[in-house]
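To start, the structure under review is shown below, and the notes come after it.
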Amino acid sequence: MSQNDVIVIGAGIVGAACADALSQRGLRVMVIEQDMPGSGATAAGMGHLVVMDDNPAELALSAYSVSLWNSLVGDLPQRHEYSRCGTIWVAADEEEMDAARTKADTLSAYGIACELLAPSALYAREPQLRTGLAGGLLVPGDGLVYPPKSARILLDRAIRRGATTLRASVAVIEDNGVLLADGARHQAQHVVLAAGSRSATLLPELPVQPKKGHIAITDRYPGFVHHQLVELGYIKSAHAASGDSVAFNLQPRPTGQVLIGSSRQFDTIDLAVEPAMLQRMLRHAAAFTPALAQLNVLRCWTGLRAATPDGLPLIGPHAARRGLWLATGHEGLGITTSLATAQLLAAQMSGDSTRIPAAPYLPGRFND
Ligand SMILES: Cc1cc2nc3c(=O)[nH]c(=O)nc-3n(C[C@H](O)[C@H](O)[C@H](O)COP(=O)(O)OP(=O)(O)OC[C@H]3O[C@@H](n4cnc5c(N)ncnc54)[C@H](O)[C@@H]3O)c2cc1C
């Protein structure tokens with residue numbers, strides 16, 4: 001009998017959440033991470049916990065997960081650097097205001113609190129926004145965390161329940177085990193692939209491709225903005241299946257710094273900051289908040305999202321290989337959806353019912 005019930009490959013936010021949920025069910029877990037826990041896309045992400053509603057499955061997963069985050073941060077929000085800043089979806093014109101109304105209807109019908117903002121209400125809340133905007137939609141229950149810290153907290157909870165970690169690179173996923181790059185083998189009844197944008201390196205058949213993103217952070221300017229500000233036009237660019245794009249996405253960090261996002265690029269795994277793309281992103285952000293151009297930018301970085309063809313993650317058993325489970329393909333929403341992912345995966349592995357239907361995220365949907 002092997003010592004571990006489950007091997008989790010990857011200690012990003014998704015692998016850490018899986019280790020936490022699986023160990024909570026009494027399973028003996030080993031997490032194998034080739035780098036520092038939380039150092040992949042998890043360190044690059046903005047940490048916006050946001051209910052997204054592009055389709056019913058995305059809404060169900062993100063709403064479930066945001067409720068799990070609320071429980072997790074609980075009485076110790078500062079440990080996660082959590083802030084319930086809320087999101088304001090900014091409408092540049094009447095067409096986007098129509099999109100805001102549709103979004104308000106969808107969220108309200110699902111029981112998510114939200115409030116349409118006329119221009120005067122928008123500017124009262126966010127005076128730095130440029131004049132001439134059509135309004136917005138406030139979703140007060142959204143928030144933010146510092147993702148690598150949350151990943152560490154989840155991993156530490158698993159370790160306290162007996163989970164182990166191993167710093168090593170998995171070279172091959174075998175039947176009920178893994179072969180490491182150093183030649184060592186580890187076995188377990190279940191293997192969970194949570195390797196983010198590198199998942200297809202281990203399983204080339206996976207429909208997961210990297211989508212690069214740039215982020216910048218400023219010096220401390222407390223109160224510059226108060227909510228996560230996202231342009232409604234973001235929805236058009238975020239789900240494009242090809243081509244480069246930028247979208248206005250501004251976040252007030254609890255430190256007073258302003259996090260500026262973001263860009264989307266396919267066909268590259270080069271993590272270098274690209275000045276032209278960065279400039280495009282910053283100019284676009286300053287077009288929404290002109291005073292941003294006067295702030296000092298301290299640091300810029302990039303990360304790779306793991307994108308699937310339908311924008312939904314792969315959560316559940318591999319379609320063909322017994323004992324192999326997938327928790328990957330979370331694209332630009334994996335901080336938000338990590339906790340629900342882990343609950344869905346742990347319930348399926350244990351043969352329990354899931355809180356929300358698991359079918360939309362099953363990896364086998366691409367094999368039909
Ligand atoms: C610019 C940007 C902004 C974003 N903003 C947000 C946001 O505001 N809100 C949100 O919800 N999401 C956001 N995201 C998305 C989010 O960051 C990701 O979906 C999430 O971090 C994915 O987590 P993960 O654990 O799957 O992947 P990762 O964090 O990449 O973790 C995978 C881990 O697996 C390890 N690994 C890979 N291969 C192997 C191997 N062979 N052996 C051992 N270990 C291996 C890696 O070292 C890595 O640590 C953003 C992403 C980017 C790039």
Side-chain angles (χ1 to χ4, degrees), residues 1-34 37 154-155 158-159 161-208 306 308 312-330 334 337-355 357-368:
M1 198 176 77
S2 70
Q3 207 184 329
N4 298 299
D5 299 310
V6 190
I7 290 171
V8 177
I9 306 171
I13 193 81
V14 174
C18 288
D20 177 49
L22 292 165
S23 64
Q24 195 167 29
R25 285 170 184 259
L27 295 167
R28 291 163 301 179
V29 179
M30 174 193 252
V31 181
I32 304 181
E33 167 58 55
Q34 64 189 6
L154 289 162
L155 196 59
I159 290 169
R161 295 189 198 103
T164 56
T165 57
L166 180 66
R167 184 152 184 179
S169 179
V170 173
V172 181
I173 300 176
E174 303 183 317
D175 288 341
N176 301 110
V178 296
L179 171 65
L180 303 183
D182 64 10
R185 282 197 157 82
H186 292 273
Q187 292 210 303
Q189 193 185 347
H190 306 281
V191 174
V192 176
L193 179 62
S197 66
R198 298 189 60 78
S199 298
T201 312
L202 288 169
L203 291 182
E205 73 272 23
L206 288 189
V208 174
T308 63
L312 292 172
L314 303 169
I315 308 168
H318 186 278
R321 293 178 60 176
R322 256 177 85 80
L324 177 56
W325 301 79
L326 305 181
T328 186
H330 292 78
T337 54
S338 55
L339 299 186
T341 294
Q343 290 303 325
L344 287 180
L345 191 92
Q348 290 179 74
M349 199 180 279
S350 313
D352 295 339
S353 59
T354 52
R355 179 77 62 86
Y361 326 103
L362 290 178
R365 69 186 185 274
F366 292 112
N367 299 76
D368 293 341

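Quick caveat: nothing in here was measured; it's all calculated off a predicted structure.
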How about [X] and [Y]: do any of their side-chain heavy atoms sit closer than 4.5 Å?
X      : Y      : answer
Pro363 : His318 : no
Val191 : Arg321 : no
Arg365 : Leu314 : yes
Leu166 : His186 : yes
Met349 : Gln189 : no
Arg198 : Gln34  : yes

Roughly how far apart are [X] [atom1] and [Y] [atom2], rounded to 0.5 Å?
X      : Y      : atom1 : atom2 : result
Phe366 : Thr308 : CZ    : OG1   : 5.0 Å
Arg167 : Glu33  : CZ    : CD    : 7.5 Å
Gln348 : Ser353 : CD    : OG    : 11.0 Å
Ile315 : Cys18  : CD1   : SG    : 8.5 Å
Leu193 : Leu203 : CG    : CG    : 5.5 Å
Leu339 : Ile13  : CG    : CD1   : 6.5 Å

Give me the atom names and distance for the closest heavy-atom approach of [X] to [Y].
X      : Y      : result
Leu312 : Pro360 : CD1-O, 3.8 Å
Leu180 : Ala168 : CD1-CB, 3.7 Å
Val14  : Ala327 : CG1-O, 3.3 Å
Val31  : Gly10  : CG1-O, 3.9 Å
Thr337 : Thr341 : O-OG1, 2.7 Å
Ala319 : Gly364 : CB-CA, 4.0 Å

For the pair Arg25 and Asp352, evaluate side-chain contact (heavy atoms from CB on, under 4.5 Å) and give the outcome as yes or no after the intermediate values.
CA-CA 11 Å; Arg25 285 170 184 259; Asp352 295 339; 2.6 Å; yes
Hey, is the main chain of Ala194 close enough, under 3.5 Å, to the side chain of Thr328 for a donor-acceptor pair?
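Looks like no, no N/O pair under 3.5 Å.
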Would you find a donor on one side and an acceptor on the other, under 3.5 Å apart, between the side chain of Arg355 and the backbone of Gln343?
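No; judged by distance alone, with no hydrogens or angles, the pair does not exist.
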Do Asp20 and Arg161 sit within salt-bridge range, that is, some charged N less than 4.0 Å from a carboxylate O?
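Result for this pair is yes, salt bridge flagged.
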Residue that, paired with Val192, satisfies side chain to side chain contact (heavy atoms under 4.5 Å, CB included) out of Ile9, Leu326, Leu22, Ile7:
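For Val192, the side chain to side chain contact (heavy atoms under 4.5 Å, CB included) test succeeds with only one of Ile9, Leu326, Leu22, Ile7, which is Leu22.
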